[in-house]
Amino acid sequence: MEAVSNFLASDLFYRFRKSPVAVIAFIVTALLVLSALFAPWIAPQNPFDPGSLNLMNGFSQPGVPNQFTGETFMLGTDDQGRDVFSTILYGLRISLFVGFSAVMFAMVLGSVLGLIAGYTGGRTDTIIMRIADIQLTFPAILVALLIFGIAKGITPPSYRNEVAIWVLILAIGLSDWVQFARVVRGATLVERNKEYVQAAKLIGRKPMAIMLKHILPNTLGPVLVIATISLALAIIAEATLSFLGVGAPPTQPSLGTLIRIGQGFLFSGEYWILLYPAVTLLALALSVNLLGDWLRDALNPKLK
Amino acid sequence: MLAYVIRRVLQSIFVLLMVGLVAFSMFRFVGDPVENLLGQERTQADIERVRDQLGLNDPFAVQYVKFLGNALQGNLGVSYRQGRPVSEIIAERAPATLELAGVSALFAVLFGVGLGVFTAIRRDGFMANFIMTTSLIGVSLPTFLIGILLIYIFAVELGWLPSFGRGETVKIGWWSTGFLTESGLKAIILPAITLGLYQMTLIMRLVRSEMLEVLRTDYIKFARARGLSTRAINFGHALKNTLVPVITVTGLQIGSIIAFAIITETVFQWPGVGLLFINAIQFVDIPVMAAYLMLISVMFVLINLIVDLLYFVIDPRLSADASTRGH
Amino acid sequence: MTTPLLSVRDLVIEFPTRHGPLTAVDGVSFDLAAGEVLGVVGESGAGKSLTGSAIIGLLDPPGHIASGEIYLKGERIDNLRAEDMRAIRGRRIGMVFQDPLTSLNPLYTIADQLIETIRTHLRLSEREARQRAIGLLDDVGIPAASRRIDDYPHQFSGGMRQRVVIALALAAEPELVIADEPTTALDVSVQAQIIDVLKEQCTQHGASVILITHDMGVIAETADRVAVMYSGRIAEIGPVREIIQNAKHPYTSGLMGSIPTLAQEEDRLVQIPGSMPRLSDIPPGCPFNPRCDKVFDKCRVQRPALIPVENRQVACWLYEEATTNEVAT
Amino acid sequence: MSKTSTPAETPLLQVSNLTRIFDVSKPWLNRVVEREPKQFLRAVDNVSFEIRKGETLALVGESGSGKSTVAKMLVGLLDPSEGTILFDGQPMIMNSSERMMELRKRFQMIFQSPYASLNPRWKVADIIAEPMIVLGVEKDSAKIEARVDDLLGLVGLSAADGSKFPHEFSGGQRQRIAIARALSSSPEFIVCDEPTSALDVSVQAQILNLMRDLQDQLGLTYLFISHDLSVVRHMANRIGVLYLGALVEIADSKELFKAPQHPYTRMLLDAVPDLEMTGRQRKEVEGEIPNPINPPSGCTFHPRCPFANDRCKREVPLWTQTRTGVAACHGVEEGRIPSAEMA
Amino acid sequence: ETLRWARAGDSLTLDPHSQNEGPTHALSQQIYEPLISPDMEAKPIPALATEWMVKEGNANVWVFKLREGVKFHGGEDFTAEDVVFSFNRAKMESSDMKELLVTIKEVRAVDDYTVEMETEGPNPILPNNLTNLFIMDKGWAEANDVTKPAEFDDGEETYAVRNANGTGAFMLESREPDTKTVLKANPDYWGKGQFPLEVTEIIYTPIQNAATRVAALLSGEVDLIQDVPVQDLDRVAGADGLKVGNAPQNRTIFFGINSGDADLENDNVEGKNPFADVRVRKAMNMAIDRDAIKQVVMRGQSAPTGVIMPPFVNGWTSELDAYPKADIEAAKALMMEAGYGDGFEVTMHCPNDRYINDEAICQAAVGMMGKIGITANLVAQTKANHFPLISGKKTDFYLLGWGVPTFDSEYVFNFLVHSTTDDRGSWNGSRFSNPEVDAMIQSLGSEVDLEKRNETIAKIWQVVQDEQIYLPIHNQVLNWGMKSNIDFPVQPEDQPHFKFMKFN
Ligand SMILES: Nc1ncnc2c1ncn2[C@@H]1O[C@H](COP(=O)(O)OP(=O)(O)OP(=O)(O)O)[C@@H](O)[C@H]1O
Ligand SMILES: Nc1ncnc2c1ncn2[C@@H]1O[C@H](COP(=O)(O)OP(=O)(O)OP(=O)(O)O)[C@@H](O)[C@H]1O
Ligand SMILES: [Mg+2]
Ligand SMILES: [Mg+2]
């Protein structure tokens, strides 16, 4: 309770209220996240249950009754007769889940490695940062493609669908940890020379305790900013990967997969299969990006 | 500085070996090349014969050592798909990718730095805020969609620019360039924008925030106190200091431009190494994939080296204690 | 009376915040005669730097002059257009900042920075400007100036850098130099050298100096007059010697007492209880009243203006009767 | 009174031949390519002194003279390259043994920056309680709470301040919190590394007064580090002067100011601006501190010393007993330095 | 006139015997010629051979009369020597065409313009196998050291990969693989007067991405594209100056189901194989709504079928081709009867870059299976990953397409119905194995009595249909988009022969 009222009184919240862009971005993000969370209750159809679909509903125009079945769909249907609106909600779920998990994974991995590298220094630092360099040599989509390749090779075919999402998360997360590691390492290098760390060393605190209790909380600001912007990136990365055929399975499409499917109908006039998922993705990525942007400025003490 | 270069080169070699190893071990999982090599009428005996010929029955370590040994002699093997030496194919395709990446990078850097400086100087202006917000649209849609939309608008609907390929090219030695013909120049516009848009946004935002940071430093304040003109301060003092961190990121970004060319090249049927790689994946053309990854790493390493050397040019402090960098 | 070189009248500097404007400098007025050295002391946050920045027109936004006037040789300069003010900066008013490490652009040689400054203000050729630059460096005591001028800032030690900064501030022979804590970042043994150079150079060029510092010792040795600031206001202003030896304002005397000295050995230092109020809750009346041991009712309600006492001015109700008549107007 | 010393007891701290060498060489490859040897920086060079129970020893010196390095070695934040430190007769070996944990309770440190020395994410009460908990001084949480309140009161803050965060306090108040933290494990010996140099004079006076009060109250022993001679004079019983890592003079506080022996000590005194307007004729201070990586030969002060001769350039001076204490100077030893009584 | 031609994939090599693959043959067809060539309706017509017949008195020998006065692009005369050389080359180990020629024991030149081919036994359909067997010039091949097709371990590019010297209507001008290939009309072509030969230059560019390919046609940058996505047909047909041509393709799309194994790896039924029960297979067949797939997924561009062969094939009948109407209720009842009333779960494998809308077909099928309680987990992946699963017998439920280049059912049986042995049944992912059927299939190879042979074929088909070994979906329809001034029929094998192209 106190925390809430503290937050409401804080400068951060004040600046938030004063920034219309941030407020709008926040509302859009919140709406999208909530509708993804409650998709099963909001969506008129479960598009992930193929048995419940009627193929004849395919390519229904938004708001116009289907010529064969007479059913009407607010945002139309796709080539499988899936309600585009429901599919967007469910796809949003997948995209957000992949995005969140990938960023969490990258964040934890990167922060831990960065913390260790920055605090221990010396050889450990060199090794970790060299690994980071190698990682950077492999641009994100290559990492993802390769991990996908490996996963395909080592998982039995029947589990592919189940692991596909986790592989995506791993692939995107792995290509993203370096920036967390770098930022945390940089912050750790600064913090570890601060006198409060020396005060803790003086009383015989173990390095682990110093890293976790003292240094880590002080590196969270920039980490949070990167995490936000990474979230948008991860969602886009998932979409890009699906273009290369390594995204979510077609029976459980993410927003990216929907766009990949929909782009095939750009010339044929079934604009809604592409347009609505694309607008949703744009709204999501844009508002998350704007939030991240705003947060970066707001948390930067030098930028007031 | 010499020591620095030597160290970088040693590190690069290590990186390349690692990349080679990683790449090589991963390819074993991408699929079975033999299936694609033989038509649908092949027999089991054919499969065995070809596996043998390709050395796919050797133990992994033997394959890797063979690969490395050959690679060191500049022999990257023969493409399964085209039956031609990979080095030759790469040499044939690299100019297209390099020209595309070059133009994209130029586009990204020119506009990125320009708009970044503009938005930093006019920090609270309407235009600046507008640019800042709209620029995010460029990074909020996947590249392939942007490419397809551009094709739809500029090739199909307006008919102004070609939708695919490089147009006419001219050979200069082994290098084929699209810069010397009108159709070549027209053809590069859409792919370059598609590819560079993301990097442009990134550079622009980075330049802006670095510039804002620099504009707040004491030496800028002191420069103002000396009565220097706004121009001299913004462009002479602030911009140059902004460039130091911007160069690193730009270097890294150019690397990923080359990697992301995979998607742009697929969308625009741009005959570069990215398209080659995608074809290679579909065909499990292992020698081509390996060569491509090595090429990307070499480029990355090279770009990073150049970036690091640029630092020495820009920042006089570094020549004094080069040793402390990179640690 | 001759017009003073610089005249600051009721300067108010504000920062807009979510809770309304914060007044960081509140009604500061003083005059500075040509060739005079005015010391400005006060605790951190008292508004010293803001006052200095306001004079040279370099307040960092969102800080701004809310009211008051600043005159340079009788000409009002606080409301000039940006371009006109730029022409004054460096040419007529020079500035030296605290940290020589960060005041110089690390990517340009000393020569670049000096020549750029000189040529911005004076019509000189590149060669003449360079000649002049070398001369300036010589003057501020940089050995082998003609050789070292092409070095980069990082090749100089802290003290040398601060000499370069002084040379830069004096490059166009300004009439007024504002030095904001020019020695704080330097070593004890170098501080004295820098103060000497600064003073000597300004005297030579006939420039007046505003020396901002919180080191009373530096002021004692350098300034002609001193202004003691507290909570954005001047508490007391007058000749250095008198203020140090016989401070009138309770804050000033407390301040003097709290400085440990080499000469006398006291068991305890004089201690002013509490600390300077934050800008957001400056008490009504005299801002010093909660910490003052001589406080009385009036201090808590009414703000004292500067009251001339002998040949100085004090903002304290203790001295009211002495000059009631003059103040009443 | 704190300033009356009792010389008979064994000193609380005995430091002998303490040396710290930093390896500041370039990386191996650079040295090979550029044909440079390894480079070492003797940040602290053969320093010996003692501190008696209840007294305050001050170390003064310019930036880079090794003051902080000495302090860090004393509290175990840095390992000495050579030399020994005896605390109450026991050697300080910084490991996590039981004995060392016991020893750790007995000394503490106050740092220079009141901003960096408190973890901004911790509440003040937690900051103060941390040493107690980690060192196992107190286990019962109610008692810890009570002691935190006591400590806050002791340094002039209120118990309610414990639930705030550091950024809600002014610099002086933060330094009080830092002092409270230092006191929480009830140490006997506190190393103070420029505890007031980041503070305003009026606040400095409060802190200095507080520290002296605490010393009287709790019988503390201080090693007080500062570059400000006036502050040192106010706080210390004895003063050691460091130059380029080496102690050049140790003397009783009063004596040192009255009759500085080493030319460097004199120079430092001369550099202090004169608030009293005594009209004392100051000598212009010569030059700046040399690069500690390549210190001058012989007596490292000789390039700036007005009394230097050939011997000073060649020979490293040894300790000489002076009228007021000890000093390392050929001139003092030879008696060719004119006496410089201060007023 | 110049023709700008695009399709999804490029030819892999110009060496005519290295790759037995559609796009590769499509390009080679313009430059090289076989003895007997398919025309635009895929009917064999004389090319380099003018006549062919079984040798009188020896059923094991075919005689070919060669066209006289034909010259290669390099100016060399075409003779029987070249035919012998080319056939021997195509029979080599490293040739990809050798399987089509396994039955040929010897090829010999009788005189300059007569060639005899001796087969193991009587081979009535040999000429059908020769339509993609191109003739090279012996002298040219020897001079350029390309007397055998490239090996994979050679490490070097052989000359024939990027150079060509044929007798065809077009000559190679320049080639950048995957990018652009330019052909010029052959001024000395023997067929002048017989064919329209209106195209003077062909610029061939592969464009992989479907949207880009269509965009290129819509924006007028190319004149003819193969592989028009079905959803874009209307747009292309409706665009000014463009039209769409179509033709049934020689390829059937169907699902394979593993009915042979005792237990399935990819299902959730313990200890037994639900697909082993023919009722389950029948139920699955009934659950598939082929009309809906045609209507929605294929946009009308497919011919639903009940048998896994296209209509061109010897053995095809309209009865076989007939397919049941989807009947979920009946299918469910069958499932119940088989003891799977509650359904089961199984993995379905599908390529996503091989056939027209392959992934979408699978998705639709997943939904249809769902309606009778079979939960199919769809794994859609590239062909490079998909096909090895089938030939490696690692998938139980999969999509496959099959074309019949020989236009004879035997080809289908050999690969898809015969049990898997060293030389047969390599694509039989159904694991169906019946010794009697195997024996019947083997007999087809040497049966000279065509009537008897056709009877056997019909019998085998009956088994295939009764046992419901496969679930046929449809025959693909080919669509080519082109400028409306082009007069050019769509060839059922997806092989354009530009010498037939006319402009108006
Ligand atoms: N950008 C700002 N926003 C809000 N308050 C500000 C800002 N800049 C300065 N202040 C406030 O203005 C007051 C005066 O600041 P100023 O820098 O003039 O103090 P000073 O006397 O120079 O102190 P110091 O000795 O620390 O340099 C301070 O209380 C400070 O907190
Ligand atoms: N970790 C380190 N590595 C290398 N050199 C060091 C290190 N720590 C200190 N030094 C060097 O040792 C010398 C003494 O440093 P120290 O911090 O003890 O000086 P100081 O007297 O405390 O100075 P200050 O007044 O600036 O705090 C300096 O030259 C410094 O550069
Ligand atoms: Mg200030
Ligand atoms: Mg120190």
Side-chain angles (χ1 to χ4, degrees), chain C residues 41-46 141 143 156-160 183-196 213-222 230 240-242 244-245 251 254-278 291, chain D residues 1-3 60-65 156 169-173 196 198-210 212-213 227-235 253-254 257 264 267-278 280 282-291 304 342-343:
Chain C
V41 285
E43 294 179 47
S44 190
F156 284 75
S157 71
M160 288 298 162
T183 59
T184 325
L186 300 176
D187 262 322
V188 254
S189 66
V190 184
Q191 282 184 5
Q193 300 173 3
I194 295 301
I195 289 290
D196 283 349
T213 173
H214 41 225
D215 188 339
M216 217 40 212
V218 169
I219 300 259
E221 293 207 338
T222 322
Y230 186 81
V240 171
R241 201 163 279 269
E242 291 175 29
I244 287 179
Q245 279 161 359
Y251 172 65
L255 188 66
M256 294 302 155
S258 65
I259 302 172
T261 57
L262 286 185
Q264 86 233 11
E265 185 180 323
E266 57 299 88
D267 233 12
R268 280 181 72 85
L269 297 166
V270 176
Q271 184 171 328
I272 315 174
S275 54
M276 207 170 70
R278 289 185 204 186
R291 303 174 73 189
Chain D
M1 269 319 310
S2 66
K3 283 198 177 184
V60 288
E62 289 174 84
S63 179
S65 57
F169 295 90
S170 71
Q173 289 170 318
T196 59
L199 302 175
D200 278 319
V201 269
S202 72
V203 181
Q204 165 171 292
Q206 295 171 359
I207 297 294
L208 292 181
N209 284 344
L210 173 68
R212 279 181 60 168
D213 293 347
H227 59 249
D228 187 335
L229 284 172
S230 354
V231 170
V232 163
R233 153 146 226 193
H234 181 72
M235 290 297 287
S253 172
K254 271 183 224 159
F257 284 95
Y264 177 63
M267 197 185 93
L268 275 185
L269 279 171
D270 275 345
V272 177
D274 187 3
L275 186 58
E276 301 303 313
M277 316 254 175
T278 52
R280 163 168 64 107
R282 290 196 346 211
K283 268 200 258 13
E284 175 82 5
V285 178
E286 290 283 325
E288 295 181 21
I289 310 175
N291 181 350
R304 301 172 79 186
M342 310 286 283

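Letters A, B, ... mirror the listed sequences (proteins, then strands); counts begin at 1.
Counting all heavy atoms, side chain and backbone alike, C/S258 lies closest to D/A205 at CB-CB, 3.4 Å.
When heavy atoms are compared at a cutoff of 4.5 Å, C/M276 does not approach chain D at all. Both the backbone and the side chain of D/L229 come within less than 4.5 Å of a heavy atom of chain C. Contacts between D/S63 and chain C at a heavy-atom distance below 4.5 Å involve backbone atoms as well as side-chain atoms. Looking at D/I289, the atoms closer than 4.5 Å to chain C (heavy atoms on both sides) all sit in the side chain, from C-beta outward.
One distance of note links NE2 of C/H214 with CG of C/L255; it measures 11.0 Å at 0.5 Å rounding. Considering OG of D/S253 and CE of D/M235, their distance stands at 11.0 Å, rounded to 0.5 Å. Atom CD in D/E62 sits 11.0 Å away from atom CG in C/L186 (nearest 0.5 Å).
When the candidates C/G42, C/G159, C/G158 are compared by the number of heavy-atom contacts under 4.5 Å with chain D, C/G159 comes out ahead. Taking chain D as the reference chain and counting heavy-atom pairs below 4.5 Å, the highest number among C/G274, C/S275, C/G45, C/G254 is found for C/G274. Of the listed residues (D/L208, D/D213, D/V203), the greatest number of heavy-atom pairs within a distance under 4.5 Å of chain C belongs to D/D213.
Residues D/H234 and D/N209 have side chains in contact (heavy-atom distance under 4.5 Å, counting atoms from C-beta outward). Proximity of D/Q204 to C/L269: side-chain heavy atoms (C-beta onward) are nowhere separated by under 4.5 Å.
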